[in-house]
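Here the structure comes first, spelled out in structure tokens, and everything after it is commentary.
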Amino acid sequence: MPQLTIAINLQGKSAVVVGGGKVATRKCLPLIRCKAKVTVIAPSLAACLQRLVRYGMVNYLAKGYSEGDLAGAAVAFAATDRPETNRQVAREAEASGIPVNVTDAPELSSFNSPAVVRRGDLTIAVTTNGKAPALSRKIRKQLATTYGREYAETAALMGKVREKLLTQNDNHRYNKQILSSLANSPIPELFRNGLLREVEHLLLELCGPGFTLNDLGMRKETTT
Ligand SMILES: C[C@@]1(CC(=O)O)C2=NC(=C\c3[nH]c(c(CCC(=O)O)c3CC(=O)O)Cc3[nH]c(c(CC(=O)O)c3CCC(=O)O)/C=C3\N/C(=C\2)[C@@H](CCC(=O)O)[C@]3(C)CC(=O)O)/[C@H]1CCC(=O)O
Ligand SMILES: NC(=O)c1ccc[n+]([C@@H]2O[C@H](COP(=O)([O-])OP(=O)(O)OC[C@H]3O[C@@H](n4cnc5c(N)ncnc54)[C@H](O)[C@@H]3O)[C@@H](O)[C@H]2O)c1
């Protein structure tokens, strides 16, 4: 089934992960990163999850799932190795209108987890609508080699330029032209090679004065 791909803000929202193994751990880490309040429910935990509990990054209920455990959740994950338990979680979520990811039954899920490359505010997500997760993983690895850390800097820089353009200039056509030129410029390659002076030259050429890395509040380093 074709699915809507969205990026959702879960900061401060409750996320319940049922199960405490390898797959549950993989579901918890991005939730922690986006500052959700994560609760894990499982009779026992994998070592990595035990550490996350020890460091206060997830709340832990040491028990088997029972109906009502999803109360107040903005999102839920059924990641136990018991298909019947995962189905019970799916039923409660469905009855309560809570989006749920059932890790052994895509047909019962209201969403699935894409394979993700993160570079600062740039997120590249790959999904096959649940058909071929191993393919998503392979493509994620290919993308990770093409889009390195320099894209985090590029996205940050373009965010600053865009903010400044939008606050000081309401000529949208002109702004679009500048931002499109920046997106198609060699700025990522320049960042990758530490050529910040050349980045400055490009900014001057494409945006005009007032857009140095300093003006934009971005760290300025000496270049060779
Ligand atoms: C992308 C990724 C994200 C993540 O989980 O964070 C992810 N699976 C990953 C890896 C992976 N999963 C599996 C293998 C072994 C090879 C294989 O079976 O193909 C590998 C590959 C590996 O590990 O190398 C086994 C597997 N996966 C699912 C089932 C159940 C079923 O299909 O019934 C089974 C059989 C379980 C069993 O054996 O019983 C189901 C789902 N897995 C999804 C996501 C969702 C669809 C994503 C999409 O639309 O493409 C979906 C539908 C639900 C969900 O979990 O959201 C993550 C890669 C992270 C990365 O590396 O970036
Ligand atoms: N979606 C995916 O990407 C993917 C990949 C591989 C496997 N899977 C599926 O994910 C499931 C979990 O795999 P795993 O490798 O994490 O297993 P695992 O054996 O490492 O962990 C299973 C966890 O479930 C917990 N559990 C068992 N009964 C429970 C209950 N009643 N209530 C709450 N927790 C309970 C256990 O304590 C354990 O922490 C399997 O069903 C597998 O088919 C999904």
Side-chain angles (χ1 to χ4, degrees), residues 1-8 10 14-36 38-54 57-94 96 98-120 122-149 151:
M1 176 68 76
Q3 296 177 331
L4 177 71
T5 308
I6 61 171
I8 186 169
L10 284 179
S14 161
V16 174
V17 178
V18 183
K22 185 178 73 106
V23 174
T25 307
R26 204 163 72 212
K27 304 300 177 187
C28 282
L29 294 171
L31 289 168
I32 293 169
R33 194 183 301 111
C34 71
K35 299 186 166 40
V38 186
T39 299
V40 172
I41 299 170
S44 65
L45 289 184
C48 175
L49 268 176
Q50 286 176 21
R51 282 194 290 277
L52 295 177
V53 171
R54 211 174 309 131
M57 291 171 164
V58 301
N59 308 313
Y60 175 43
L61 301 183
K63 66 182 206 67
Y65 162 79
S66 55
E67 199 178 334
D69 282 347
L70 304 186
V75 67
F77 293 81
T80 80
D81 55 354
R82 309 261 177 105
E84 184 42 38
T85 303
N86 290 345
R87 273 153 191 71
Q88 285 167 358
V89 174
R91 272 198 294 276
E92 181 184 341
E94 159 85 344
S96 313
I98 299 168
V100 66
N101 178 198
V102 189
T103 57
D104 62 342
E107 71 283 3
L108 298 180
S109 298
S110 40
F111 69 96
N112 68 60
S113 315
V116 170
V117 178
R118 269 176 227 287
R119 301 291 181 248
L122 172 68
T123 300
I124 309 172
V126 185
T127 172
T128 58
N129 289 335
K131 291 290 191 303
L135 182 63
S136 296
R137 182 186 171 96
K138 181 198 140 184
I139 293 172
R140 188 260 301 162
K141 285 183 172 172
Q142 290 173 334
L143 289 168
T145 62
T146 306
Y147 296 96
R149 292 299 320 163
Y151 278 85

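Just so you know, ligand 1 is whichever comes first in the structure, and atom 1 is the first atom listed for that ligand. All values reported here derive from a predicted model rather than from experimental measurement. Heads up: numbering here begins at 1 and tracks the sequence.
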Out of curiosity, [X] [atom1] to [Y] [atom2], how far, rounded to the nearest 0.5 Å?
X: Arg119; Y: Leu143; atom1: CZ; atom2: CG; result: 9.5 Å
X: Arg54; Y: Leu45; atom1: CZ; atom2: CG; result: 10.5 Å
X: Ile41; Y: Asp69; atom1: CD1; atom2: CG; result: 4.0 Å
X: Leu49; Y: Arg26; atom1: CG; atom2: CZ; result: 12.5 Å
X: Gln3; Y: Ser110; atom1: CD; atom2: OG; result: 9.5 Å
X: Leu29; Y: Cys34; atom1: CG; atom2: SG; result: 11.0 Å

Practice item. Could you tell me whether Asp81 approaches ligand 2 through its side chain, its backbone, both or neither, with non-hydrogen atoms closer than 4.0 Å? Key: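 For Asp81, the contact with ligand 2 is made by both the backbone and the side chain.
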Review point. Does even one non-hydrogen atom of Pro133 get within less than 4.0 Å of ligand 2?
Key: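 No, Pro133 has no heavy atoms under 4.0 Å from ligand 2.
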Practice item. Please confirm whether Ser44 comes under 4.0 Å of ligand 2, counting heavy atoms of the residue only. Key: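 Judged by the 4.0 Å heavy-atom criterion, Ser44 does count as contacting ligand 2.
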Review point. Any side-chain heavy-atom pair from Phe77 and Cys28 closer than 4.5 angstrom?
Key: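 Sidechains of Cys28 and Phe77: no contact.
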Check your understanding: Is any side-chain heavy atom of Val116 closer than 4.5 Å to a side-chain heavy atom of Thr123?
Key ->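 The answer is yes; the side chains approach within 4.5 Å.
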Sub-4.0 Å protein heavy atom near [atom]:
atom: atom 49 (O) of ligand 1; answer: yes
atom: atom 46 (C) of ligand 1; answer: yes
atom: atom 35 (C) of ligand 1; answer: no
atom: atom 42 (C) of ligand 2; answer: no
atom: atom 54 (C) of ligand 1; answer: yes
atom: atom 39 (O) of ligand 1; answer: no
atom: atom 30 (C) of ligand 1; answer: yes
atom: atom 15 (C) of ligand 1; answer: no

Which residue owns the protein heavy atom closest to [atom], what's the atom, and how far is it?
atom: atom 2 (C) of ligand 2; result: Arg26 NH2, 3.4 Å
atom: atom 59 (C) of ligand 1; result: Ala115 CB, 4.3 Å
atom: atom 57 (C) of ligand 1; result: Arg26 NH2, 3.7 Å
atom: atom 26 (C) of ligand 1; result: Pro133 CG, 4.1 Å
atom: atom 56 (O) of ligand 1; result: Ser113 N, 2.7 Å
atom: atom 60 (C) of ligand 1; result: Arg140 NH2, 3.2 Å
atom: atom 24 (O) of ligand 2; result: Thr80 CA, 3.4 Å
atom: atom 28 (N) of ligand 2; result: Arg82 CG, 3.5 Å
atom: atom 51 (C) of ligand 1; result: Asn112 CB, 4.1 Å
atom: atom 23 (O) of ligand 1; result: Arg137 NH1, 3.9 Å
atom: atom 18 (P) of ligand 2; result: Gly21 CA, 4.0 Å
atom: atom 35 (C) of ligand 2; result: Pro43 CD, 3.4 Å
atom: atom 44 (C) of ligand 2; result: Thr103 O, 3.2 Å
atom: atom 33 (O) of ligand 1; result: Pro106 CD, 3.3 Å

**Study point:** Closest to atom 19 (O) of ligand 1 (judged by heavy-atom distance), picking from Ala134, Ala144, Ser136
**Key:**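 Looking at heavy atoms only, the winner is Ala134.
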Check your understanding: Counting heavy atoms only, which of Lys22, Arg137, Gln88, Lys63 comes nearest to atom 15 (O) of ligand 2?
Key ->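 Shortest heavy-atom distance from atom 15 (O) of ligand 2: Lys22.
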Point to revise | Any side-chain donor near an acceptor of the partner, Tyr60 and Gln50, under 3.5 Å | key: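 Distance-only check fails for Tyr60 and Gln50.
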**Study point:** Side-chain donor-acceptor contact under 3.5 Å, Thr103 with Lys27
**Key:**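 No.
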Only heavy atoms of [X], strictly under 4.0 Å: list the atoms of ligand 2 that pass.
X: Val18; result: 33 (C)
X: Tyr65; result: 30 (C), 31 (N), 32 (N), 33 (C)
X: Ala42; result: 33 (C), 34 (N)
X: Ile41; result: 33 (C), 34 (N)
X: Ala79; result: 12 (C)

Check your understanding: Where is the tightest heavy-atom contact between Ala115 and Ser136, given as atom of each residue plus distance?
Key ->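 So the minimum-distance heavy-atom pair works out to CB-O, 3.6 Å.
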Review point. Between Arg87 and Ala105, what is the shortest heavy-atom contact and its length?
Key: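 Of all heavy-atom pairs spanning Arg87 and Ala105, the closest is NH2-CB, 3.8 Å.
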Would [X] count as being in polar contact with ligand 2, using the rule that some N or O on each side must be under 3.5 angstrom apart?
X: Val23; answer: yes
X: Lys27; answer: no
X: Gly20; answer: yes
X: Asn86; answer: no

Exercise for review: Could you walk me through whether Val89 and Leu70 pass the side chain to side chain contact (heavy atoms under 4.5 Å, CB included) test, one step at a time?
Suggested key: CA-CA 8 Å; Val89 174; Leu70 304 186; 4.1 Å; yes
Check your understanding: Are any of the N or O atoms of Lys131 closer than 3.5 Å to those of ligand 1?
Key ->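 By distance alone, the answer is no.
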Check your understanding: Are any of the N or O atoms of Gly130 closer than 3.5 Å to those of ligand 1?
Key ->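 Gly130 vs ligand 1: N/O contact under 3.5 Å present.
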Review point. Yes or no on salt bridge (Lys or Arg N to Asp or Glu O under 4.0 Å) for Lys131 and Glu107, after CA distance, side-chain angles and deciding distance?
Key: CA-CA 11 Å; Lys131 291 290 191 303; Glu107 71 283 3; over 6 Å; no
Measure [X] to ligand 1 on non-hydrogen atoms and call it side chain, backbone, both or neither using the 4.0 Å cut-off.
X: Pro114; answer: backbone
X: Asn129; answer: backbone
X: Asn101; answer: side chain
X: Lys27; answer: side chain

Check your understanding: Taking the side chain from Thr80 and the backbone from Thr85, do they hold a donor-acceptor pair closer than 3.5 Å?
Key ->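 Looks like no, no N/O pair under 3.5 Å.
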**Study point:** Tyr65 vs Glu67, side chain to side chain contact (heavy atoms under 4.5 Å, CB included): CA-CA, chis, key distance, verdict
**Key:** CA-CA 7 Å; Tyr65 162 79; Glu67 199 178 334; 4.3 Å; yes
